[in-house]
Amino acid sequence: MKWLARLAITFTVWLAVAVTMATVLFILLCVVAGPHSGVLLRPLEVAVWIAGYAVIIVVPLFAAVIVYRRLGPPVATDPQRDSA
């Protein structure tokens with residue numbers, strides 16, 4: 001597969017997962033934060049913000065890496081490891 005097509009498909013998957021995660025987390029935030037706003041202590045509130053941003057960054061990157069590696073050339077396997 002050509003490298004440009006591989007990058008285009010990887011970017012498309014990253015964008016789709018990022019939009020999906022942002023939508024899901026936004027709806028979850030609206031549901032949870034609506035009746036419970038101001039309940040968390042300040043340090044926990046910061047931790048929740050950091051975790052939310054980490055999910056929005058890490059999950060799409062993880063999906064993109066999986067797709068990028070899957071679209072690459074096949075990797076030779078170790079015959080001794082496969083026989084065990």
Side-chain angles (χ1 to χ4, degrees):
M1 175 174 276
K2 301 272 187 196
W3 67 271
L4 188 58
R6 187 176 175 194
L7 286 179
I9 293 171
T10 302
F11 177 74
T12 304
V13 167
W14 177 85
L15 188 62
V17 173
V19 168
T20 303
M21 288 303 302
T23 304
V24 168
L25 288 176
F26 178 76
I27 292 171
L28 182 65
L29 178 69
C30 287
V31 169
V32 171
H36 302 98
S37 63
V39 173
L40 290 177
L41 299 172
R42 182 70 180 148
L44 288 177
E45 189 175 323
V46 172
V48 169
W49 273 101
I50 291 171
Y53 279 116
V55 167
I56 286 184
I57 292 170
V58 170
V59 171
L61 283 177
F62 186 65
V65 166
I66 290 172
V67 168
Y68 186 79
R69 292 181 70 191
R70 181 72 57 123
L71 292 174
V75 178
T77 58
D78 184 12
Q80 287 189 349
R81 185 188 67 160
D82 292 338
S83 66

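We're numbering straight along the sequence, starting at 1.
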Practice item. Specify the closest pair of heavy atoms between Ala18 and Pro60, including all atoms of both residues, with the distance to one decimal. Key: CA-CG, 3.7 Å
Study note, to complete from the structure: In this structure, CD1 of Ile57 is separated from CE of Met21 (nearest 0.5 Å) by 12.0 Å
Review point. Are Leu28 and Val55 in one and the same hydrophobic cluster, where Ile, Leu, Val, Met, Phe, Trp and Tyr link if side-chain heavy atoms are under 4.5 Å apart?
Key: yes
Practice item. With rounding to the nearest 0.5 Å, note down the distance linking CZ in Arg70 to CZ in Arg6. Key: 12.5 Å
Review point. Is it true that Val17 and Val67 fall in one hydrophobic cluster, defined by side-chain heavy atoms closer than 4.5 Å?
Key: yes
Review point. How many angstroms lie between CD1 in Ile9 and CG in Leu4, if you round to the nearest 0.5 Å?
Key: 10.0 Å
Point to revise | Point-to-point distance, once rounded to the nearest 0.5 Å, from CG of Leu25 to OG1 of Thr20 | key: 10.5 Å
Point to revise | side chain to side chain contact (heavy atoms under 4.5 Å, CB included) between Trp3 and Leu7, intermediate numbers included | key: CA-CA 6 Å; Trp3 67 271; Leu7 286 179; 3.6 Å; yes
Check your understanding: Is there side-chain contact between Leu15 and Phe11, with heavy atoms separated by less than 4.5 Å?
Key -> yes
